[in-house]
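A short write-up of the structure that comes next.
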There are 2 protein chains.
Amino acid sequence: MSPSIELNKAKQCAGSYVLAINDTMNVVSGKWKLPIIGALLFGKKRFKELERNIPKITPRMLSKELRDLEMNGIVTRTVYDSVPVTVEYELTRSGQSLTKVLDVMVEWGLEHRENTVGKAV
Amino acid sequence: MSPSIELNKAKQCAGSYVLAINDTMNVVSGKWKLPIIGALLFGKKRFKELERNIPKITPRMLSKELRDLEMNGIVTRTVYDSVPVTVEYELTRSGQSLTKVLDVMVEWGLEHRENTVGKAV
DNA sequence: GTAACTACTATACCAAAGTATACCGGTATA
DNA sequence: TATACCGGTATACTTTGGTATAGTAGTTAC
């Protein structure tokens, strides 16, 4: 409940620091995980909805990444016994709390662009 | 100078939001960028020092990633006209400010582990 | 003169990540 | 009976990322 205390602990133990960063990296790395998480931030969605919402993704990748995210506790998969069966994907609390990470990423990205105006290429 | 205002602006414009996240992802993704940045957080270092500090990295990858990070404005490369020539790599202000991003990554990683105790595998 | 250090580069290879295309069984609609 | 939607899977391929191994040019120490 007190993240800054946990953070200080972690900083004193390089091992868990690295472990925690790797956990986070596993969730955000790859071409499609962030687009999928981004789509689900607007609410739960079905497979085909996600496929339509995320340009250029193939069902193979969508399926694979959803399984990955489910195993890592980022999304839940719920099968409804309707006809035809519908499957809904939803972010867990952990998944939703990724916005914290994304927010500082946006913040850093913007600052970085400001810091380097005209210097690139 | 007021990051939260910038952040809100970005949230209203999906385009720059995505752009900013991609900028950040480019800097942290890959197997070696974070280890290199991590090593440089303790102060500027020379090529061989980095090579010794980062287990298992090959000079090819170190060279490539340093060039990458330099082009992206994360590290500076300074050649000293000594004998033999020494080359020092140092984090830019942007590079140093990445700690903000890494800190929330650690924080989220730790929280996520707490949220999912015993649930994985 | 030969061994070792500096900061790399070159070539070839290998493995992971991602793409393309097709297909599956089931249900509903026309 | 044919077509289309649902939630995927199968197979094969390409592209990207990373590894392994060797070598470069210059300098210093023995």
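In what follows, every chain begins at residue 1, and chains take the letters A, B, ... in the order their sequences are listed.
- Side chains of A:Leu50 and A:Leu66 form a contact here, defined as non-hydrogen atoms less than 4.5 Å apart.
- One can place CE of B:Met61 at 16 Å from P of C:dA10, the figure rounded to the nearest angstrom.
- Using a 4.0 Å cut-off on heavy atoms, none of the residues of residues 22-33 of chain A approach DNA chain D.
- Residues B:Met61 and B:Ile57 approach most closely at CB-CG1, 4.1 Å, considering heavy atoms.
- Applying the side-chain contact (heavy atoms from CB on, under 4.5 Å) criterion to B:Thr92, with sequence neighbours excluded, gives B:Thr76, B:Ser94.
- Taking CD1 of B:Ile36 as the reference point, atom CG of B:Leu69 lies at 6.0 Å (rounded to 0.5 Å).
- Residues B:Lys100 and A:Glu111 are paired through a salt bridge, judged by an N-O separation under 4.0 Å between the basic side chain and the carboxylate.
- Note: CG (A:Leu50) to P (D:dC6) measures 12 Å, nearest angstrom.
- In this structure, CG of B:Asp81 is placed 14 Å from C1' of C:dA7, rounded to the nearest angstrom.
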Completion exercise
Expected string for nucleotides 8-15 of chain D under the B/S/- scheme (protein heavy atoms, under 4.0 Å, primed atoms plus P, OP1, OP2 as sugar-phosphate) is BB-BB---

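- Between the P atom of D:dT19 and the CD1 atom of B:Ile54 lies a distance of 12 Å, rounded to the nearest Å.
- Applying the side-chain hydrogen bond (donor to acceptor under 3.5 Å, both in side chains) test to residues at least two apart or on different chains, the pairs with a partner in residues 19-46 of chain A are A:Asp23-B:Arg113.
- Regarding A:Leu62, its CG atom lies at a distance of 14 Å from the C1' atom of C:dT19, rounded to whole Å.
- Atom C1' of nucleotide C:dA7 and atom NZ of B:Lys44 are separated by 18 Å, given to the nearest angstrom.
- Identified under the side-chain hydrogen bond (donor to acceptor under 3.5 Å, both in side chains) test for residues 61-74 of chain B, with sequence neighbours left out: B:Ser63-B:Arg67.
- Nucleotide C:dC5 holds its P atom 15 Å from the CD atom of B:Glu49, rounded to whole Å.
- Here the straight-line distance linking atom CG of A:Leu110 with atom NE2 of A:His112 works out to 11.0 Å at 0.5 Å rounding.
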Under 3.5 Å, which N/O atoms of the protein pair with N/O atoms of nucleotides 25-30 of chain D?
none

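- The CG atom of B:Leu102 lies 7.0 Å from the CD1 atom of B:Ile37; values are rounded to the nearest 0.5 Å.
- Between A:Arg52 and A:Glu49 no salt bridge is recorded (no basic side-chain N to carboxylate O distance below 4.0 Å).
- Across the protein-nucleic acid pair, B:Ile36 atom CD1 and D:dG18 atom P stand 10 Å apart, rounded to whole Å.
- To the nearest 0.5 Å, atoms OH (B:Tyr89) and CG (B:Leu40) are separated by 10.0 Å.
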